[in-house]
Amino acid sequence: MATTGKLAVLGSINADHILNLAAFPRPGETLKGENYQVAFGGKGANQAVAAGRAGANIAFIACVGDDDTGERVRHQLQQDNIDIAPISAVAGEATGVALIFVNGEGENVIGIYAGANAALTPAYISSVQQVIGEADALLMQLESPLESVIAAAEIARAQNTQVILNPAPACPLPDALLAMIDVITPNETEAEALTGIRVDSDENAALAAQALHDKGIGRVLITLGSRGVWLSEQGVGQRIAGFKVKAVDTIAAGDTFNGALITALLEKQPMIQAVRFAHAAAAIAVTRAGAQPSVPWRHEIDAFLSSQG
Ligand code: RIB
């Protein structure tokens with residue numbers, strides 16, 4: 001493996017309560033579930049785990065509650081090759097929670113309670129600025145307070161640390177933040193929320209990518225679910241197909257893609273190869289249930305890629 005640059009991930013940690021049902025309940029309806037599981041999740045933690053298991057040199061900036069879940073999550077993250085020193089256990093707070101329904105098609109709907117994730121304030125970011133400054137890249141999402149994401153991006157810019165934003169869940173963002181981002185990785189819904197352009201074809205993906213370039217972002221990767229990814233670098237775009245697998249659930253597929261992608265880029269893999277690596281990691285993740293339990297290790301990604309020829 002090539003020399004790996006340092007990565008800082010900033011984001012959320014949740015305990016995911018996952019219920020599988022044949023179909024999503026409608027308003028006012030109660031349905032019996034077929035399987036219930038509690039597993040570690042949170043977009044930030046999932047991306048950190050994906051990077052750690054893929055072989056990145058990674059530190060994770062986050063907050064948990066001072067509860068049993070927070071203690072167990074931190075222990076697990078350490079097992080996943082992650083420097084957990086910048087994770088704070090917040091007194092009197094509960095670790096974040098996600099309530100997830102998965103239907104028979106493997107689709108999901110998610111509601112989250114921030115809990116300790118709300119304590120990831122700009123003041124806390126300032127206390128860990130050295131971690132950001134020492135990193136070659138900073139990967140963030142939007143389950144943390146927006147003002148903290150902005151504060152972290154400002155520190156990263158000032159310290160020549162690359163900023164990668166996975167703008168999930170979808171929310172409108174100020175131009176000042178977009179102008180500080182080097183790589184952005186929205187899905188179709190998030191790209192539409194940011195640009196107003198419905199990403200329902202390659203042509204429209206190119207238009208949405210251009211709108212994001214116009215905000216000052218050099219590299220845009222719009223994830224298109226089973227259709228792959230629209231990659232646009234400085235306005236030159238192409239679609240890179242993913243791998244076909246039978247999906248059990250898609251929880252954390254995007255997170256796995258992001259963590260694996262940045263790991264490959266920090267190893268100086270060329271962009272198209274890095275996308276293929278990330279596609280492979282995500283393909284494995286969708287064949288397994290849950291968020292972090294589904295995230296593959298490096299040897300599994302390498303074996304999957306070899307099996308594809
Ligand atoms: O992206 C998947 C994640 O979203 C889940 O693990 C859940 O915690 C929510 O944050």
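Just follow the structure's listing: the first ligand is 1, and inside any ligand the first atom is 1. These numbers were taken from a predicted model, which means no experiment stands behind them.
Taking every heavy atom of Gly41 and a limit of under 4.0 angstrom, the matching atoms of ligand 1 come to 6 (O), 8 (O). Ligand 1 places these atoms under 4.0 Å from at least one heavy atom of Lys43: 1 (O), 2 (C), 3 (C), 4 (O), 10 (O). Interface of Ala98 with ligand 1, defined as ligand atoms under 4.0 Å from a residue heavy atom, comprises 7 (C), 8 (O). The ligand atoms of ligand 1 that sit less than 4.0 angstrom from a heavy atom of Ala291 are 6 (O).
With hydrogens and angles ignored, the 3.5 Å screen pairs a side-chain donor or acceptor of His213 with a backbone N or O of Gly235. With hydrogens and angles ignored, the 3.5 Å screen pairs no side-chain donor or acceptor of Thr263 with any backbone N or O of Ala54.
Protein heavy atom closest to atom 10 (O) of ligand 1, with residue, atom name and distance, is Glu143 OE2, 2.5 Å. Nearest protein neighbour of atom 3 (C) of ligand 1, counting heavy atoms only, is Asn46 ND2, 3.6 Å. With hydrogens left out, the protein atom closest to atom 7 (C) of ligand 1 is Asp16 OD1, 3.3 Å, a heavy atom. The protein heavy atom nearest to atom 2 (C) of ligand 1 is Asp255 OD2, 3.3 Å.
Between Glu190 and Lys43, none of the side-chain N atoms (NZ, or NE/NH1/NH2) sits under 4.0 Å from a carboxylate O, so this pair counts as no salt bridge. Remark: Asp175 engages Lys215 in a salt bridge, criterion side-chain N to carboxylate O under 4.0 Å. Ion pairing between Asp202 and Arg227 holds under the 4.0 Å rule for side-chain N and carboxylate O.
Among the atoms of Gly42, some N or O lies under 3.5 angstrom from an N or O of ligand 1. Here's the thing with Asn14: one of its N/O atoms is less than 3.5 angstrom from an N/O atom of ligand 1.
At a threshold of 4.5 Å between non-hydrogen side-chain atoms, the residues Asn117 and Asn14 count as touching.
Aromatic ring pairs are classed by plane angle as parallel below 30°, tilted from 30° to 60° and perpendicular above 60°; the pair Phe304 and Phe243 is perpendicular.
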